[in-house]
Structure formats: structure tokens, C-alpha cells
K.L.:
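Let me begin by handing over the structure; questions about it come next.
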Protein chains: 2
Amino acid sequence: MEASRSVRVTIDDVAKAAGVSRQTVSRAMNGKGDISEATRRKVLATIEELDYRPSAFARGMRTQRAGTVALVLPDIANPFFPAVARGVFDAAAARGLAVVVHNTDADAGAEAEAGRAIVDAGAAGAIGFFEALDDAALAALGRRLPLVVADRPAPDASVATVRTDFLTGTRLATDHLASRGHVRLGMLDGAVENKPERRRAFLEAAGGPVVTAPPTVAGGTAGLRELLGRHADVTGVFAFNDLLAIGALRAVKAAGRQVPGDVAVVGYDDITMAALVDPPLTTVHTDKYELGRTLVEVLGRRLDGHPAEHRTLAPRLVVRGSA
Amino acid sequence: MEASRSVRVTIDDVAKAAGVSRQTVSRAMNGKGDISEATRRKVLATIEELDYRPSAFARGMRTQRAGTVALVLPDIANPFFPAVARGVFDAAAARGLAVVVHNTDADAGAEAEAGRAIVDAGAAGAIGFFEALDDAALAALGRRLPLVVADRPAPDASVATVRTDFLTGTRLATDHLASRGHVRLGMLDGAVENKPERRRAFLEAAGGPVVTAPPTVAGGTAGLRELLGRHADVTGVFAFNDLLAIGALRAVKAAGRQVPGDVAVVGYDDITMAALVDPPLTTVHTDKYELGRTLVEVLGRRLDGHPAEHRTLAPRLVVRGSA
DNA sequence: GTGAAAGCGCTAACAA
DNA sequence: TTGTTAGCGCTTTCAC
């Protein structure tokens, strides 16, 4: 008893079995060109019967396009991105698209290399977070295939975008801190390329000292120490993301001070962890799943021949215990 | 001014430019067959010069194998998996493999469908967590392509495995609780298919009541209430994973009782969140990144013609505040 | 509405 | 060591 020799069922086998030509089979399965309902049905039945699966390679060779979309992101281990990715996977699966993930660490070289790999692979399109690549390179990529970028301005009319409204989100945070009586605010900004909006919005809205740190828990701890060390009068802290905010929370507590009594902290993103730390983090919620879903939706419309769209997702403040 | 018309550079263009045959170009870039060092260098230089990129489709059509590996997992939004995925991405990138991710929600139908898609796409191999698919179907998949499964016994000699040692991990947890003076232990088991090991190990090692709940924070909260409601004498709780454990922590605190004073909790996995909750979670650490890396390594050896291997990763206990 | 011919770009097998 | 031949399975003309 041996494993069944798997000889590939080709379009010709189906054609022969259904008593039609090869192109008729192609027409039946792709729904293109004129074909009588009767033949169509017969062919489809034969396909089913023989369990025929068209070769992605052969098809790609003709069309120069695979049924694959690329998802580019800095770090899947950063809790913001899995939630986005989940939205991408679900929406892509619903459209019958496979998703190839490229992890770049927000490195310009890695992002460029990912772009090259994506083009070489003949992906139907690409979506993602390009945090280091310059506009020219991004626009060039957008000329090679349908491209939707997240949380970044379009470098080019051909590139679609989906953005979360940082300005509003930041206002939400600083207004909340102000409403709690904090007059001197500080910001923990993430050391991330191409993301000046939150800082700019903070400076406009509240105008306090800004310390830059890696967007991690450890970065938040170090950053907060530096911030309060240099500006002892700061009582309200706005962080670039929740990881930084959680680090800040820990630093405040470690210094023997109270949150939010002595120092209030507001984060950004509302990652799962935010609700579970002590005190629970007050943060600006962005719908990460929806962001992922929308990226695919916008790409899908692009694939269907529509022009590049630009969507914006509205954030909202979630008040918990930290501010 | 128009976008540069992108006419594809083919192997024939390179051959012509280098003054050799098409096959020689193929040999030069794939390092197969005999070729003189001089020609090889010349061809490689020409490739560079023309910026030639071989067509993945054409290559796949000949070889019936793409430079792609599939990663199958239940839910990228569950914090255990991003860490594994990161290890997979890094190791795959180092081998020049692209990674296609299939999110299955541990649903048997979705896992089967993912398998079909993987085979159809001509993936070089597949790795992942099949939590619902039966052994027969898994073995069948393993016959179609190199397959490495995580945290599950091999269904077949052709299927390689990488597992974390649940038995040892569970012992570590129950022994620790015992050493802290807890005589009556309970377990919060995850409602997950094909994962009886932790429960079995718990029953053997400590033998207390087991409550099953969805492996989430909410599940842990509900599960702990049920556990303590039915078995008031339980003072030490072992959870299937950290999410459940964190939920349990919250339930204990919500009931006005102390952790670890009244009830001690030990989790499993050591997700990032574990160190950040209050009290910090004592948990069994498994190296998720290493798991992902090893999955790719074992697949790579398979791809290089070696037989299916079986690796086991050792867990270790991380004592924090909750037990 | 359907079929025949052509060819996408590559590599395995064989010939030189 | 290098070149030639053949063909992977599909879709896009174009003819009927």
C-alpha cells in the first residue's frame, strides 16, 4: 500500500472529460466571455467531480498576478499589529486572497526589500505600514501594484490610504487631562520615523515638554523618569502608545507616587493589555481590527478598478483608571 | 512624463547580454550543474546590471514549488502566537522564504481549507498549529508537502514536530504551588481540542478539580468563579494559559480576596502581559520566539532532504508575585 | 457560443 | 563546460 501517486489534474483533463475545449473550461471557471448556461454547468460539475484545482503558477504566468496580497508591518510582536493583522486576514480570506506577511522592524532597507519581494512575487496588491521608506520609493512601489498605506499620507495619487485621526485622538487625550485639572502636560513620544503628527498635535493642543523613547514598556519607564526628572511640575502625561504609557505607569508607581493622583497617564491605541494593568490605562482607542479590514476593503476596490481612496478612522477616548 | 513602461527582463535578455545560453544563466543563478567560475561571474554581473529578477511563476511552473512557506495558526490576536510568528518570520527571511499566514480559529473546516489552499499554492512547506484537524487529514497533508506541526504528536512518520514539554511545565507549576504550602489545587483548563496533556499532567501530579473555560481573560474570570464556587477549599490554581490566569487573578481580586495570600495562581506561556498585571503573574515560560524559529529550522532541514525530526523545547518556571 | 493556436519564463534532460 | 529541445498549465487573441 503506497501513497496515491498524485498526478495533477489539468484543465485539459477537465476539457476532455466534459467534452469541450480547454478555453471553454477557462471561461466557465472565470466567468469571462460568452458561454451558455448549460455548458457552464456541465463544466463546473466536471471540475467538481475531478477535484480540479487550477495551477496558481500557470495562471500567474499568463496574468502576471497572483491571488496574494502582501501585508507589511514593523513588528508582529508589538501588540498593536496582531489586531490589525487579524482584520486583514479575515477580510482577505473573505475575498479569497492569501496574505504574505513581511516583518520590517520599521527599517528602511527591510521595507524596500519587502517591496521588491512583493513585486517579484506578483502579488495582486500590497497593504501596510511603511514607517521608514521615503515617499519617492513608496510612490514607485505604488506604480508597480495597487498599494494601500496605513497611517501615512499618500506619497502619490495612485496610492490609497487608511488613517486613524491622530489629531482628534491627541486632542481627546489632552482635553481629558486638562479637564482633570492638569495644567502642565508632558509627552512621551515614540522614537518612530514619519510619525510626527501626535507630537505636533500635542504641542499645538497642550504645549509641554516632549521626551522621545523607544515605543516599548522599557522605553516608557525610562522616558518617564527623564521627563519628570527634567520637568518636575508635569502632572499629566500623554504617551505615543500604550506600551510607553504602561512603562510610564510602572515608573510612577516605582517612584512611590500615585496614579492618577500625583501623575495621570493617557495612552494611545487601547491594546488588550491596557485594560489589564493596574491602574487600568485611560487611552485613546483606535479600532485596529477595523483598520485591517478597511485596508483590505480599500485594496479590493482598487483591484476592482476604482481609483485610490482615502479613509479616516475616528478614535475615541476610553477612560479607565490612570487619568 | 509618464511612468516608465515596465517591460520584464527575462532570462533570455540576460543570456543575450552575457553572450551565453539561457540554461547557463539558470545554472549561474541556481548554483546547479557544472559551470566555470568565469562564466558564472560574468552572468551574475549581467544579472545585476540588468536588474533581472526571475519570475516566480515561471520557476514555480517548472518546479511545482514556490519559495513560500505557510504558517497555520488559530488566532494571531491571541498574544501567544505573534511571538511565535515573529520567530517564524525572522527564520524564514533568513532562508529567503516568504510566509503566508492562515488564521483558522482552531476550526477543523478552516484548517482543512487552509491545507488545500497551501497545496494549491505550491508552498515549499507548511508549519503550524493544527488544533482541530484529525490525524488522518493531517497525515494526508504531510504526504503532499513537508510539514512541521507544533505542540502536537506526529500523525505520521513523514510529519515533523516541535513541541514544548507540557508535562515538565505542568509539574513545574504544581510543584511550585505545593512548595508554597497549597495542598488543594484546582485547574482552569482551556476549552481547546487536542490539548489534553496539561490537564492529564495536572491530574497525575496534583489531582484536583478541573474547570474548562474558553482560553481568554473573560474565560478565566468566569472559570475561577465556578471553580471556587464549587470547591471552596482550593487555594492554588493552575491555568492552561496566561490569559485564563489573568482572568482568574482579576476574579480573585474582585471577590475581595488576596493573591497570592488567599489564592495563588500560576499561568502558562509567559506572554508579555504576564509581567505587567498586578500582581505580576507567576507562570511557566515557553520560548515562543524559539518555537517559531525552530519550526522553520526543522522545515528547512526537511527541505534539504533530511527525514522528519522531532524537537522538544524545555519550559521553565518564572516566579513573580501571583504564587 | 466555441475552438485552435500561440506563448508567458523558466528548468530538466539530453546532446554536443 | 555549455547549448538545444521540450514542455510545465494556463489565458489571450483570433477564427469559426
Side-chain angles (χ1 to χ4, degrees), chain A residues 5-44 46-47 50-68 96 119-124, chain B residues 5-47 50-68 96 119-124 145 303 305:
Chain A
R5 230 160 221 313
S6 99
V7 179
R8 178 166 206 111
V9 177
T10 75
I11 197 172
D12 285 315
D13 298 327
V14 177
K16 202 166 299 173
V20 298
S21 81
R22 194 202 291 180
Q23 334 346 308
T24 301
V25 176
S26 176
R27 278 193 272 261
M29 63 181 171
N30 295 321
K32 290 188 171 179
D34 288 331
I35 185 170
S36 78
E37 187 52 28
T39 359
R40 215 182 66 88
R41 238 203 280 284
K42 184 176 54 183
V43 170
L44 258 25
T46 311
I47 285 176
L50 299 186
D51 190 28
Y52 162 69
R53 335 265 332 195
S55 153
F57 296 126
R59 180 173 281 170
M61 193 151 179
R62 287 296 334 185
T63 63
Q64 297 297 354
R65 209 88 286 183
T68 287
V119 170
D120 287 352
Chain B
R5 229 157 223 320
S6 98
V7 178
R8 178 167 205 108
V9 177
T10 74
I11 196 171
D12 285 313
D13 299 326
V14 177
K16 203 166 300 173
V20 299
S21 81
R22 197 203 284 181
Q23 183 56 295
T24 299
V25 177
S26 175
R27 278 193 270 260
M29 65 181 168
N30 295 319
K32 290 189 172 179
D34 289 332
I35 185 171
S36 77
E37 188 51 29
T39 4
R40 215 182 67 87
R41 239 201 279 282
K42 182 176 55 182
V43 171
L44 259 24
T46 311
I47 286 177
L50 299 186
D51 190 28
Y52 162 69
R53 334 269 329 196
S55 154
F57 296 126
R59 180 173 279 172
M61 194 151 179
R62 283 296 334 181
T63 63
Q64 297 297 353
R65 210 91 282 184
T68 287
V119 171
D120 287 353
L145 44 51
L303 258 27

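This structure is a prediction, so every number in the text was calculated from the model and none was measured.
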K.L.:
Crowded around A/Lys16 NZ? As in, over 12 foreign heavy atoms under 6.0 Å?
P.N.:
no

K.L.:
What is the distance, to the nearest angstrom, from the CZ atom on A/Arg8 to the P atom on D/dC8?
P.N.:
12 Å

K.L.:
Quick one: which of D/dC10, C/dG9, D/dC8 gets closest to the side chain of B/Gln64?
P.N.:
D/dC8

K.L.:
In whole angstroms, how far is the P atom of D/dC10 from the CZ atom of A/Arg65?
P.N.:
20 Å

K.L.:
Reading DNA chain C from 5' onward, which residue's closest nucleotide shows up sooner: B/Lys32 or B/Met61?
P.N.:
B/Met61

K.L.:
Quick check: does any side chain N or O of A/Asn30 sit under 3.5 Å from a backbone N or O of A/Arg27, one acting as donor and the other as acceptor?
P.N.:
no

K.L.:
Provide the closest heavy-atom pair for A/Met61 versus A/Gln64 in the form atom of the first, atom of the second, distance.
P.N.:
O-NE2, 3.5 Å

K.L.:
Heavy-atom contacts under 4.0 Å between residues 17-27 of chain A and DNA chain D, which residues?
P.N.:
A/Arg22, A/Gln23, A/Ser26

K.L.:
Looking at B/Ala123 and B/Leu145, what are the two nearest heavy atoms and their distance?
P.N.:
O-CD2, 3.8 Å

K.L.:
Could you check how far CE of A/Met29 sits from C1' of D/dT11, rounded to whole Å?
P.N.:
9 Å

K.L.:
Is there a side-chain polar atom (N or O) of A/Thr39 under 4.0 Å from OP1 or OP2 of C/dT2?
P.N.:
yes

K.L.:
Do the side chain of B/Arg8 and the main chain of B/Arg53 share a donor and acceptor less than 3.5 angstrom apart?
P.N.:
yes

K.L.:
Could you report the tightest heavy-atom contact between A/Ala58 and A/Ser55, atom names first, then the distance?
P.N.:
N-OG, 2.9 Å

K.L.:
Counting only N and O atoms by type, is there a donor-acceptor contact under 3.5 Å from the side chain of B/Thr46 to the main-chain atoms of B/Lys42?
P.N.:
yes

K.L.:
Take the protein atom CG of A/Asp120 and the nucleotide atom C1' of C/dC10, then report the distance between them rounded to whole Å.
P.N.:
15 Å

K.L.:
Round to the nearest Å and state the distance from B/Glu37 atom CD to D/dT1 atom P.
P.N.:
11 Å

K.L.:
Give a yes or no on this: more than 12 heavy atoms of other residues, nucleotides or ligands lie within 6.0 Å of atom CZ of A/Arg41.
P.N.:
no

K.L.:
Tell me: CG of A/Asp34 to P of D/dC14, nearest whole Å?
P.N.:
17 Å

K.L.:
Write down the distance between CZ (A/Arg40) and C1' (C/dT2), rounded to a whole number of angstrom.
P.N.:
16 Å

K.L.:
List DNA chain C stems (3 or more consecutive Watson-Crick/G-U pairs, under 3.5 Å)?
P.N.:
C:1-16 with D:1-16

K.L.:
Separation of A/Arg59 atom CZ from C/dG9 atom C1', in whole Å?
P.N.:
18 Å

K.L.:
Less than 4.5 Å apart, side chain to side chain, heavy atoms only: is that true for A/Met29 and A/Tyr52?
P.N.:
yes

K.L.:
Find which nucleotide of DNA chain D each of B/Arg62 and B/Ile35 is nearest to by heavy atoms, and output the residue with the more 5' nucleotide.
P.N.:
B/Ile35

